[in-house]
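In the text below, chain A, chain B and the rest are named by the order of the sequence lines, each starting its count at 1. Heavy-atom basis, side chains included; hydrogens, waters and symmetry copies ignored. Values in this document were obtained by computation on a predicted structure and should not be read as measured data.
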2 protein chains.
Amino acid sequence: MLNSKAFKALAHPVRRDILKRLRNGRLSAGEIAEAYDMSKPSLSTHFAVLKQARLIQSERKGNHIYYRLNVTVADEVVSALMDVFGTQKDNHKEK
Amino acid sequence: MLNSKAFKALAHPVRRDILKRLRNGRLSAGEIAEAYDMSKPSLSTHFAVLKQARLIQSERKGNHIYYRLNVTVADEVVSALMDVFGTQKDNHKEK
DNA sequence: TTGCTAATTAGATAATATGTTAAATAGCAA
DNA sequence: TTGCTATTTAACATATTATCTAATTAGCAA
């Protein structure tokens, strides 16, 4: 299942936090790493997990690598979770 | 965080599947176990993980133990996930 | 090329998760 | 009590995940 990796990726609090930081646009690996008291290779591993799950996408610009949220997959995962719980899905995009 | 355990619990496909089975009402441990090609102790461990995450609740009735979805926590987790992704939240309960 | 910065990959290790079989617990009924 | 059923807990093996330091790759500029 496509979503199986995504759910695993979401299991780690640091990875969920990284995704939150990407809600408002792209950030470089370094910009993200600054926020954590953790080695860069460890963060890099988290990026790789998120990328494998297709929750984020990367783009190199010079010698920075920018990450951004993959909104399409994010929406799919929300839907999948709602399906797990049988949550009522709502068509409106309001408020 | 309360939801951290829930996200971890959701990382395993069997556990997500168990939750789906509970969407339409309670089931006994044995009824659930029938559906999987896995030992009962393994399933029991999965129940324990879901219970610790408060995603399910249990109730003994005779010598059966019934599990049911904790809808309140399920809703909280959906909201938490939407928060992670910055998903637009919708107030309507329609369709 | 050399040097600098940004980031990843490699390799080791510790911690956590998953699954098994065997044993224990709990309820019910003869 | 004894025996039967349902389920969990214990003990343990193995697989996966998380983290670190050290090494490597990639881009850019003098």
>> Please report the distance, rounded to the nearest Å, between CD1 in B:Ile65 and P in C:dA24.
In response: 19 Å

> Please, which pairs that meet salt bridge (Lys or Arg N to Asp or Glu O under 4.0 Å) have at least one residue in residues 26-41 of chain A, sequence neighbours excluded?
Replying inline: A:Arg26-A:Glu59

>> Counting C-beta onward and ignoring hydrogens, is there a side-chain heavy-atom pair between B:Met82 and A:Val78 closer than 4.5 Å?
In response: yes

> Over how many whole Å does the gap from B:Glu34 atom CD to D:dA6 atom C1' extend?
Replying inline: 12 Å

>> In this structure, how many angstroms lie between the P atom of D:dT19 and the OH atom of A:Tyr36, rounded?
In response: 12 Å

>> Quick check on contacts: within residues 46-58 of chain B, what sits under 4.0 Å from DNA chain D by heavy-atom distance?
In response: B:Phe47

> Just wondering, do B:Phe85 and A:Val71 contact through their side chains at under 4.5 Å, heavy atoms?
Replying inline: no

> Roughly how many Å is it from CD1 in A:Ile32 to C1' in C:dA6, rounded to a whole number?
Replying inline: 13 Å

> If only side-chain N and O atoms of B:Ser39 are considered, is one of them under 4.0 Å from the OP1 or OP2 phosphate oxygen of C:dT20?
Replying inline: yes

>> From C-beta outward on A:Ser42, which listed nucleotide comes closest to its side chain: D:dT8, D:dT19, C:dG19?
In response: D:dT19

>> Please enumerate all residues that pass side chain to side chain contact (heavy atoms under 4.5 Å, CB included) together with A:Ser44, with sequence neighbours excluded.
In response: none

> Given atom NZ of B:Lys5 and atom P of C:dT16, what is their separation to the nearest angstrom?
Replying inline: 13 Å

> Sequence neighbours excluded, which residues qualify as salt bridge (charged side-chain N to carboxylate O under 4.0 Å, His left out) partners of A:Arg68?
Replying inline: none

>> Counting only heavy atoms and a strict 4.0 angstrom limit, can you tell me which residues of residues 21-29 of chain B come near DNA chain D?
In response: B:Ser28, B:Ala29

Expected rows: protein N/O vs nucleotides 23-28 of chain D N/O, under 3.5 Å:
unit_1: D:dG27; atom_1: N2; unit_2: A:Asn63; atom_2: ND2; d: 3.3

>> As an exercise, state the distance from CD1 of A:Ile32 to CD1 of A:Ile56, rounded to the nearest 0.5 Å.
In response: 6.5 Å

Distance-only donor-acceptor hits, side chain of residues 47-54 of chain A, under 3.5 Å, sequence neighbours excluded:
unit_1: A:Lys51; atom_1: NZ; unit_2: A:Ser58; atom_2: OG; d: 2.8
unit_1: A:Gln52; atom_1: OE1; unit_2: A:Lys5; atom_2: NZ; d: 2.9

>> Rounded to whole Å, please give me the gap between CG in B:Leu43 and P in C:dA17.
In response: 18 Å

> A:Tyr67 near the nucleic acid: base, sugar-phosphate alone, or nothing, with a heavy-atom cut-off under 4.0 Å?
Replying inline: sugar-phosphate

> Which residues satisfy the side chain to side chain contact (heavy atoms under 4.5 Å, CB included) test with B:Pro13, sequence neighbours excluded?
Replying inline: A:Ser4, B:Arg16

>> Testing the basics here: between A:Arg21 and A:Leu27, what is the closest heavy-atom pair and its distance to 0.1 Å?
In response: O-CD1, 3.5 Å

> With A:Ser79, which residues qualify under side chain to side chain contact (heavy atoms under 4.5 Å, CB included), at least two apart?
Replying inline: A:Lys89

>> Whole angstroms only, please: what is the NE2-P distance between B:His64 and D:dT8?
In response: 11 Å

>> Once salt bridge (Lys or Arg N to Asp or Glu O under 4.0 Å) is applied, what residue pairs with a partner in residues 74-88 of chain B remain, sequence neighbours excluded?
In response: A:Lys20-B:Asp83, A:Arg23-B:Asp83

> Do any pairs count as a ring-ring contact (aromatic ring centres under 6.0 Å, His included) and have a residue in residues 9-38 of chain B, sequence neighbours left out, and if so which ones?
Replying inline: B:His12-B:His46

> For A:Met38 and D:dA18, what is the distance between atoms CE and C1' respectively, to the nearest whole Å?
Replying inline: 8 Å

> What are the two closest non-hydrogen atoms of B:Val77 and B:Ala6, and how far apart are they?
Replying inline: CG2-CB, 3.6 Å

>> As a quick check of understanding, evaluate side-chain contact (heavy atoms from CB on, under 4.5 Å) for A:Tyr67 and A:Ile18, giving each step before the final call.
In response: CA-CA 10 Å; A:Tyr67 288 105; A:Ile18 290 168; over 6 Å; no

Please tabulate, one pair per line, each protein N/O and nucleotide N/O from nucleotides 14-17 of chain D that are separated by under 3.5 Å, including the distance.
unit_1: D:dT17; atom_1: OP1; unit_2: A:Lys8; atom_2: NZ; d: 3.3

